[in-house]
There are 2 protein chains.
Amino acid sequence: MDKMYTIGDAAAELGMPASTIRFYEKNGLIPNQQRASDGRRLFDEDDLEWMRFVERLKVSGMPIKEIREYIRLYIEGDSTIEERRRIVHERRAAIDAQLEELKLARDFIEYKCWFYDVAAESGTCDTPRNMPLDELPDNIRRIKAKCRINRY
Amino acid sequence: MDKMYTIGDAAAELGMPASTIRFYEKNGLIPNQQRASDGRRLFDEDDLEWMRFVERLKVSGMPIKEIREYIRLYIEGDSTIEERRRIVHERRAAIDAQLEELKLARDFIEYKCWFYDVAAESGTCDTPRNMPLDELPDNIRRIKAKCRINRY
DNA sequence: GTGGAACTTAAACCATGGTTTAAGTCAAGA
DNA sequence: TCTTGACTTAAACCATGGTTTAAGTTCCAC
């Protein structure tokens, strides 16, 4: 279980280019990076787990600066627990806000999908555009009301 | 209901800087933009609705280039229905993928929130880190298994 | 009719998050 | 021994999505 990975292996494992891993290390996103005696980077399982964690933070929209700050606090140890707690709670709130926005965007697009399905079938956008409210499928009527869709 | 908005009004209404609206227009994200006789931009309710739609596309991660392409097709009329249909269906799939990723990221962060709540209470990260599986709250145990969280 | 606020443009500028390049090192196999 | 491929670095480069600046116009209130 103490298998070590070269940067190429790690890149393949994580599904990202090696250049990105170098960029992350240069920017302080990988703590305690080990090196072989000839200077090559070495990664263990913990490093990979850490980098997957960093990927989650990135997916959540956390800027690199902030991730680096978090890592700095992590390295500093137990004296920074409160600060790290604040950061992760903030991040959770940010994700929740993002999820709300994304769900709303999905509703919009759901409407558009229906719109063009109907338009494609009839050959013109006038068909879905002029369809009376009571002929709309329930979910589409709900979306149209919620998102205040009128003309488009 | 045929009230017209200046760019400042529209900016206030949409909650974005006027410079962004100019940038969008320059990049073809606003079809049929009207102008007052002195050259000032004029926006009606339809323009605002359109721009809210553009905002949804942006939230969904659609690049500006692609939004412009969509608008080009929209302007071209009913002959492009199939193409637009393809685009919105692709976009829906992209949003769904994004939602999945974001929910996974949320689980990770949820775990971290629990971790630091426990750490803060006891004063050390060792407490949550070494907590036996059967003492973990159900949701946390589930997340830890699903996300393969070991060391971090 | 004068000052100030709100608009116009093109062009320069900026931050973010990488990617690419150039020049060099090293280990292994033919 | 020589070549090949994977690595190293610093620095240059790039795309995206705006924002800012500079110089000029126009409307409105006083």
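For clarity, every value in this text was computed on a predicted model and none was experimentally measured. Below, all heavy atoms of this structure are taken into account, side chains as well, without hydrogens, waters or symmetry copies. Letters go in sequence order (proteins before strands), and every chain restarts at 1.
For the OP1/OP2 pair of dG17(D) and a distance below 4.0 Å, the side-chain nitrogens and oxygens of Lys58(B) include no atom meeting the criterion. Regarding contacts with the backbone of dC7(C), a side-chain N or O of Thr6(B) is found under 4.0 angstrom from either OP1 or OP2. Within the 4.0 Å cut-off from OP1 or OP2 of dT8(D), at least one side-chain nitrogen or oxygen of Arg41(A) is found. OP1 and OP2 of dG17(D) both lie 4.0 Å or more from every side-chain N or O belonging to Thr20(B). Distances shorter than 4.0 Å separate some side-chain N or O of Arg22(B) from OP1 or OP2 on dT8(C). The phosphate of dT9(C) (OP1 or OP2) has a side-chain N or O of Arg35(B) nearer than 4.0 angstrom.
Note on ring orientation: taking the six-membered ring where Trp is involved, the planes of Trp50(A) and Tyr74(A) are tilted (angle from 30° to 60°).
The interatomic distance linking Asp38(B) (CG) with dC28(D) (C1') rounds to 13 Å, in whole Å. Met16(B) has its CE atom 15 Å from the P atom of dT20(D), to the nearest Å. Remark: C1' of dC7(C) and CD1 of Ile21(B) are 13 Å apart, rounded to the nearest angstrom. Counting to the nearest Å, the P atom of dC27(D) and the CE atom of Met4(B) are 16 Å from each other. Atom P of nucleotide dG18(C) and atom CZ of Arg68(A) are separated by 13 Å, given to the nearest angstrom. Here dT19(C) presents its C1' atom at 10 Å from NZ of Lys26(A), a figure rounded to the nearest Å. Put simply, CE on Met62(B) is 14 Å from P on dT16(D), counting in whole angstrom units. Counting to the nearest Å, the P atom of dT8(C) and the CD atom of Gln33(B) are 8 Å from each other.
Heavy-atom nearest nucleotides on DNA chain D were determined for Pro63(B) and for Ser37(B), and the one closer to the 5' end corresponds to Pro63(B). A residue-by-residue look at Ile7(B) and Arg40(A) shows that Ile7(B) has its nearest nucleotide of DNA chain C further toward the 5' end.
Between the side chains of Tyr5(B) and Glu45(B), at least one donor N or O sits under 3.5 Å from an acceptor N or O.
Side-chain proximity of Phe23(A) to the nucleotides dT19(C), dT19(D), dC26(C) is greatest for dT19(C). Picking from dT19(D), dG18(D), dC7(C) the nucleotide with the shortest atom distance to the side chain of Ser19(B) gives dT19(D).
Residue pairs meeting the salt bridge (Lys or Arg N to Asp or Glu O under 4.0 Å) criterion with at least one partner in residues 15-29 of chain B, sequence neighbours excluded, are Glu25(B)-Arg35(B), Glu25(B)-Arg41(B).
Considering only heavy atoms from C-beta on, Val59(A) stays 4.5 Å or farther from Phe108(B) through its side chain.
Geometrically, Lys146(B) does not engage Tyr111(B) in a cation-pi contact defined by less than 6.0 Å to the ring centre and at most 45° from the axis.
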